**Q** 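My questions will all concern the structure given below.
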Amino acid sequence: MRIRIISDEDIDMDNLKNALEKYLSVERLQLKKEKKANTVKQLWMFSVGVLFIAVGLYAASVLPALLGEIISTIGAFAMWEAASIWIVENPRNRLKRKWVDSLMQTELTVEKH
């Protein structure tokens, strides 16, 4: 991939390259943090979901069935949130990482108009 800049003004290539590298490094670091946060959030929500479903099933046998169902439903929502991270957020993060990686390999050219 190549980024071609056509300008009437003189452009400092070193400054431009440094700015692009700095931006992409910050993006890459942010994506790494998001991946870690997503993993922790996913594990937490899944664990909470399993716990609530188990408690809901037990509660349904001891307490009124409606109360057990409500608790189980809360667990199902927590598990759905974990699945949503896995199905929606993680692929989006991977796609953005690929975009950043490809931009890091980009050739910059500047031409006078």
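Since we're looking at a predicted model, the values are computed, not measured.
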**Q** Report, one line per pair, each donor and acceptor closer than 3.5 Å where one atom sits in a side chain of residues 61-89; sequence neighbours left out.
**A**
| unit_1 | atom_1 | unit_2 | atom_2 | d |
| --- | --- | --- | --- | --- |
| Ser61 | OG | Tyr58 | O | 2.6 |
| Ser72 | OG | Gly68 | O | 3.2 |
| Thr73 | OG1 | Glu69 | O | 2.7 |

**Q** Hey, are the side chains of Leu95 and Arg92 touching, using non-hydrogen atoms and a 4.5 Å cut-off?
**A** no
**Q** What's the separation between atom CG in Leu29 and atom CD in Glu27, rounded to the nearest 0.5 Å?
**A** 10.0 Å
**Q** Roughly how far, to the nearest 0.5 Å, is the CD atom of Gln30 from the CG atom of Asn93?
**A** 9.5 Å
**Q** For Lys112 and Asp8, indicate whether the former's side chain and the latter's backbone hold a donor-acceptor pair under 3.5 Å.
**A** yes
**Q** Is Glu9 atom CD crowded by more than 12 heavy atoms from other residues, nucleotides or ligands, each under 6.0 Å away?
**A** no
**Q** Among Ile, Leu, Val, Met, Phe, Trp and Tyr joined by side-chain contacts under 4.5 Å, find the other residues sharing a cluster with Leu108 and list them by chain and number.
**A** Met1, Ile3, Ile5, Ile11, Met13, Leu16, Leu20, Tyr23, Leu24, Leu31, Trp99, Val100, Leu103, Met104, Val110
**Q** Regarding Arg94 and Asn90, is there a side-chain donor-to-acceptor distance under 3.5 Å anywhere?
**A** no
**Q** Looking at Lys36, I'd like to know if its NZ atom is crowded, meaning that more than 12 non-hydrogen atoms belonging to other residues, nucleotides or ligands lie closer than 6.0 Å.
**A** no
**Q** In the single-linkage hydrophobic clustering (I, L, V, M, F, W, Y; side-chain heavy atoms under 4.5 Å), do Leu43 and Phe46 co-cluster?
**A** no
**Q** Report yes or no: do Val48 and Leu57 belong to one cluster of Ile/Leu/Val/Met/Phe/Trp/Tyr joined by side chain heavy-atom distances under 4.5 Å?
**A** no
**Q** Do Lys96 and Glu34 come close enough that some side-chain heavy atom pair is under 4.5 Å?
**A** no
